[in-house]
Amino acid sequence: MARFIFITGGVVSSLGKGLMAASLGALLQARGYRVRIRKFDPYLNVDPGTMSPYQHGEVYVTDDGAETDLDLGHYERFTGVASRQSDNITSGRIYQQIITRERRGDYLGATVQVIPHVTDAIKSFALAETDDLDFVLCEIGGTVGDIESLPFIEAIRQLKNELGRGNSISIHVTLVPFIAAAGELKTKPTQHSVRELASLGVQPDVLVCRSERPLPEGEKAKIALFCNVPKEAVISALDAKSIYAVPLQYHGEGLDAEVLKAFGLPVGAAPDLGRWDDIVDRIVNPEGEVTVGVVGKYVGLPDAYKSLNEALVHGGIANRVKVNIRWIDAELFEQADSDIAASLEPLNAILVPGAFGERGAEGKIASIRFARERRVPYFGICFGMQMACVEAARNLAGIAGASSTEFGPTPEPVVGLITEWMGSDGLEKREQGGDLGGTMRLGAYQAKLAGNSHVAGIYGAGEISERHRHRYEVNTAYKERLEETGLAFTGMSPDGALPEIVERPEHPWFVGVQFHPELKSKPFAPHPLFASFIEAAVRQSRLV
Ligand code: GLN
């Protein structure tokens, strides 16, 4: 039977609980255990799919087409275990299920309540599909004390009891602030937070204390005394020089050993963390640097492009270079007095990422034109591929009105809404003007690559599977006219109906993909497209 690790946070949000869970998962894996990490989100949205990236950061998409919390991206990048729909649940989804059942009469007249109905649903979510695992790490979003998280904490309390002694532990992540005026680290917020958690019936076994300065032994002892945990189980967690140094840092502080001890398991020999040493070495000791411009829409909030940011870092790891990312607001290039060349000339490569809506589209099209004409490496992801096709149609094929139906009716729908496509389970359909939630082509789809194309060489494969999240597609009615502009359609859906990849064979590096390769990149296995894109940026940097 799998053992369960429940992870809660206290004092403030943004303490890096997700990164802690991901790092602990990686450390347990390095010790030979099979792990899976799950996220419980207490908010009432059914999934984060319809939430603004400004509010919630990026939406992370799984192979099985779930729109999930971005923490699942951390989990997957650190453990290499592909996330699934069953790894992320929200209060909204739980209530939706319960209310659907109630309307069907499944409860046979019973009063439907938070305890036991909501808590039972949370527990069965935690326990589902865990037979082949050694450890299930369950991270509860939010902060202890939030109204929304109460049913989750209650479900943990019940589960700890039901799973029996030795089969579950709880880790609480808190903040130990440094008060400059007093010159001291303060443990009181941690004490209060643990007391709050304990008052809900959950006594933590391990405390992870985030602080700006190392926790002195005396402070650890004080926290241990007041919070009822062994002193060695008070783990000090400082900011790291790279997120990929976090597993090494936690191991150095004894986190994985304390977790095993809390389960009563032998700690044994130190795990081989050579993979992480190598990654950190490549990040800390680069042999050069390149600057990539990301011309996007949500550039004010780096979390909105979390996986993209990481995939670019991974491309740097693959080439042993530092990747400086310049986030550029596409709308700046739509102003009459903007000097687009001056902004883009210092860049070694240009990327237009995924996006929804018309805002900034013209600025992106102008950037793509610059990259094409100046022979600067260009990578278009999803919207960035669609706009590369619109750019070619307008500026090379003479189709002045070329546009996407996403922006409204157009006589030249180079990008248009597709209402039917072949999924792995047969024909999938959607309606014009349907609901926004759950109406996209989502999750993993296969693509066939043209034999001697650049991308087939990059992937070293003829058939690939990548994750999608979009409504619109490049319209194959324009394929021939676009091909005449030098744009090659080198990746297509297996039935040949949907363009998946376009490239310019005559350009140093110009690739547009309808999917999101950034979602599958890992520090120890950089995605081939990102590795190749950064390699092209390095070549470009040597030309100037
Ligand atoms: N808005 C475009 C579509 O829905 C692109 C989506 C994306 O870039 N993820 O097809």
Side-chain angles (χ1 to χ4, degrees), residues 47-54 56-63 65-68 70 73 294-299 303-309 311 330-331 350-365 367-368 378-391 393 402-410 413-421 423 428 430-445 447 466-476 478 491 493 497-502 511-521 529:
D47 61 43
T50 48
M51 286 161 93
S52 158
Y54 278 122
H56 201 71
E58 86 174 357
V59 174
Y60 189 76
V61 180
T62 61
D63 278 335
E67 297 180 280
T68 69
L70 56 76
V294 177
V295 184
K297 184 169 160 186
Y298 319 104
V299 291
D303 262 5
Y305 298 111
K306 189 75 211 157
S307 295
L308 177 65
N309 184 83
E331 278 186 289
I350 295 171
L351 189 152
V352 172
F356 290 85
E358 190 170 12
R359 192 158 61 77
E362 293 304 322
K364 293 173 193 177
I365 292 170
S367 309
I368 296 166
Y378 173 72
F379 196 0
I381 294 182
C382 207
F383 195 75
M385 165 188 174
Q386 297 174 355
M387 291 306 109
C389 293
V390 171
E391 191 278 325
S403 186
S404 167
T405 56
E406 182 173 7
F407 311 152
T410 165
V414 170
V415 179
L417 189 70
I418 300 282
T419 49
E420 291 186 354
W421 69 90
E428 296 192 34
R430 66 188 151 194
E431 282 168 22
Q432 301 260 5
D435 278 356
L436 278 190
T439 55
M440 283 190 271
R441 188 148 82 98
L442 279 169
Y445 285 87
E466 293 279 7
R467 295 182 192 167
H468 293 64
R469 180 174 185 251
H470 58 107
R471 282 191 189 86
Y472 300 86
E473 310 278 351
V474 173
N475 187 347
T476 46
Y478 290 87
S493 58
L498 305 175
E500 292 279 6
I501 305 180
V502 296
V511 176
V513 297
Q514 187 56 75
F515 44 82
H516 289 276
E518 71 274 23
L519 300 175
K520 295 211 334 187
S521 187
L529 286 174

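As the structure lists them, so they are numbered: ligands from 1, and atoms in each ligand from 1. The first residue in the sequence is number 1, and the count goes up from there.
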| message | Any heavy-atom pair between the side chains of E58 and L308 that's under 4.5 Å? | response | no
| request: Mind checking side chain to side chain contact (heavy atoms under 4.5 Å, CB included) for C389 and listing every partner two or more places apart, or none if nothing turns up? | output: V414, V474, L482, L487, V502
| message | If you apply the rule side-chain hydrogen bond (donor to acceptor under 3.5 Å, both in side chains), what do you find for R467 with Y60, and how did you get there? | response | CA-CA 10 Å; R467 295 182 192 167; Y60 189 76; 3.2 Å; yes
| said: Going by side chain to side chain contact (heavy atoms under 4.5 Å, CB included), name the residues that satisfy it together with E331, two or more places apart in sequence or in a different chain. | reply: D329, E334, R359
| note | Ordered by chain then number, the protein residues lying under 4.0 Å from ligand 1 by heavy atom are G354, A355, F356, C382, F383, Q386, E406, R469, H470, R471, Y472, H516
| Listed partners of N475 passing side chain to side chain contact (heavy atoms under 4.5 Å, CB included), at least two apart | P413, A477, Y478
| said: Would you call the rings of Y298 and Y305 parallel, tilted or perpendicular, taking 30° and 60° as the class edges? | reply: tilted
